[in-house]
Amino acid sequence: MDVKHGHSQDVKSIAWHPTKELLASCSYDNTVKLWVNDEGDWICTQTLEGPAVGHSSTVWSVAFSQDGKHLASVSDDCTLKVWDLQWDSEATSIDPHATLAASISGNHQRTIFTVDWSTDGVIATGDGANSIKLFGQDNGQQAGSDSNDYEAAAGRISAPAAGSEQHRQCSTSAAADAAQSTPHEHIGELNDKPAAPAAWDLLCGIDQAHDADVNCVKWHPKQQGLLASCGDDNVIKLWVYQ
């Protein structure tokens with residue numbers, strides 16, 4: 001058993017790296033911390049914070065990409081941040097180094113409470129304005145994806161087939177609104193770097209996904225495009241992104 005006291009205020013969320021002994025945590029103290037297992041002792045190796053880099057208010061949720069090369073964080077400051085993770089040596093180094101790759105703002109009007117990364121590299125977020133947003137990179141292959149043939153263009157989100165159990169729990173009107181939204185609204189730029197990857201785009205959004213705060217979004221670990229959400233309206237909803 002181990003107890004860690006690295007944060008100075010409430011810890012809101014934690015996430016395990018998919019393949020390495022690495023834990024990410026986020027807090028009311030506006031920071032994200034990275035923890036590694038050093039011969040049985042979990043130590044904080046990096047704190048993601050500071051003006052123009054870190055979040056300026058409570059960080060509510062963190063999520064690793066499926067390939068483990070990126071970390072996403074969301075905050076009360078209404079921004080989604082994407083961090084690149086690197087190790088000096090994949091074989092021997094246990095200490096990762098995270099750098100800010102993108103700070104995405106202007107899409108959420110209230111606190112972003114939850115974030116999750118799909119197997120094909122699409123980031124889902126949910127907020128206090130009852131909305132769900134999906135973000136991706138229009139570069140032929142999503143960041144954090146193991147797929148080589150994923151297309152980011154013309155995405156839409158909808159309810160499952162009528163008559164199914166999933167359909168009865170989904171908001172078809174919200175899905176229809178999302179299907180009419182304009183994909184590829186430009187929403188953020190990456191730091192100036194040589195050969196920088198594509199900027200992140202808003203693929204689609206549902207403005208009234210729930211009747212109250214969206215507390216959590218989770219992609220299905222195996223079924224591509226299946227997203228679950230839950231909110232303060234006492235409802236769980238299933239969505240299909242295609």
Side-chain angles (χ1 to χ4, degrees), residues 1-50 53-55 58-75 79-104 112-125 135-137 141-148 150 190-191 193 197 200 215-224 227-228:
M1 179 177 172
D2 199 359
V3 179
K4 295 301 173 186
H5 299 281
H7 289 285
S8 62
Q9 298 189 55
D10 303 1
V11 182
K12 297 300 184 183
S13 181
I14 53 177
W16 288 108
H17 190 276
T19 60
K20 293 182 178 292
E21 291 282 277
L22 174 62
L23 181 69
S25 62
C26 60
S27 169
Y28 194 78
D29 64 12
N30 308 348
T31 70
V32 175
K33 290 182 180 289
L34 301 180
W35 307 80
V36 299
N37 186 359
D38 185 9
E39 298 181 352
D41 184 21
W42 285 86
I43 59 175
C44 179
T45 62
Q46 189 176 3
T47 299
L48 309 182
E49 63 181 344
V53 178
H55 288 284
T58 303
V59 187
W60 282 93
S61 184
V62 288
F64 286 103
S65 63
Q66 295 296 311
D67 64 6
K69 296 179 180 179
H70 313 279
L71 177 72
S73 60
V74 293
S75 169
T79 65
L80 160 66
K81 290 184 183 288
V82 178
W83 310 85
D84 287 344
L85 301 174
Q86 293 182 334
W87 283 260
D88 290 338
S89 170
E90 291 292 332
T92 60
S93 177
I94 64 169
D95 295 349
H97 179 68
T99 56
L100 182 64
S103 185
I104 304 162
I112 311 174
F113 289 118
T114 179
V115 63
D116 197 35
W117 217 309
S118 75
T119 56
D120 47 18
V122 176
I123 297 176
T125 57
F135 300 89
Q137 287 180 293
Q141 181 176 348
Q142 300 298 307
S145 169
D146 292 327
S147 171
N148 292 320
Y150 185 90
L190 297 172
N191 290 341
K193 296 179 182 179
W200 286 85
N215 292 323
C216 187
V217 291
K218 287 291 180 183
W219 291 101
H220 193 286
K222 295 183 179 179
Q223 185 173 336
Q224 184 172 316
L227 178 70

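Atom NE2 of residue His97 and atom CG of residue Leu85 lie 10.0 Å apart, to the nearest 0.5 angstrom. Separating the OG1 atom in Thr99 from the CG atom in Leu48 is a distance of 9.5 Å, to the nearest 0.5 Å. The OG atom of Ser65 lies 9.0 Å from the CG atom of Asp84; values are rounded to the nearest 0.5 Å. Rounding to the nearest 0.5 Å places OG1 of Thr45 at 7.0 Å from CG of Leu22. Annotation: the span from Asn37 atom CG to Leu23 atom CG amounts to 10.5 Å, rounded to 0.5 Å. One finds the OH atom of Tyr28 at 5.0 Å from the OG1 atom of Thr58 (value rounded to the nearest 0.5 Å).
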Exercise for the section: For side-chain contact (heavy atoms from CB on, under 4.5 Å), just list the numbers for Phe135 and Val82, CA-CA rounded to whole Å, side-chain angles, deciding distance to a tenth of an Å, and then say yes or no. Expected result: CA-CA 11 Å; Phe135 300 89; Val82 178; over 6 Å; no

Handout entry: Candidate pair Lys69 and Phe64, rule side-chain contact (heavy atoms from CB on, under 4.5 Å), full reasoning
Key = CA-CA 8 Å; Lys69 296 179 180 179; Phe64 286 103; over 6 Å; no

Exercise for the section: Mind running side-chain contact (heavy atoms from CB on, under 4.5 Å) on Val36 and Ile43 for me, showing each step along the way? Expected result: CA-CA 6 Å; Val36 299; Ile43 59 175; 3.8 Å; yes

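Residues satisfying the side chain to side chain contact (heavy atoms under 4.5 Å, CB included) criterion with Ala72, sequence neighbours excluded, are Leu80, Val115, Trp117, Ile123. Taking Ser75 as the reference, Asp77 meet the side chain to side chain donor-acceptor pair (under 3.5 Å) condition, with sequence neighbours excluded. Legend: residues meeting ring pair (Phe, Tyr, Trp, His ring centres under 6.0 Å) with Trp60, ordered by chain and number and at least two apart, are Phe113. For Ser73, the side chain to side chain contact (heavy atoms under 4.5 Å, CB included) partners at least two apart in sequence or on another chain are Val32, His55, Val59, Val62, Lys81, Trp83. In terms of the side chain to side chain contact (heavy atoms under 4.5 Å, CB included) criterion, residue partners of Asp29 (sequence neighbours excluded) are, by chain and number, His7, Ser8, Gln9, Ser27, Thr31. Residues meeting the side chain to side chain contact (heavy atoms under 4.5 Å, CB included) test with Ala228, sequence neighbours left out: Leu238.
The distance between the ring centers of His17 and Trp87 falls below 6.0 angstrom.
No donor-acceptor distance shorter than 3.5 angstrom exists from the side chain of Gln46 to the backbone of Lys33, with no hydrogens or angles considered. Panel note: side chain Thr79, backbone Ile104; no donor-acceptor pair is recorded below 3.5 Å.
Taking every heavy atom of both residues into account, Ser61 and Ser13 meet most closely at CA-CB, 3.8 Å. The shortest heavy-atom contact between Leu71 and Ala24 is CD1-CB, 4.1 Å.
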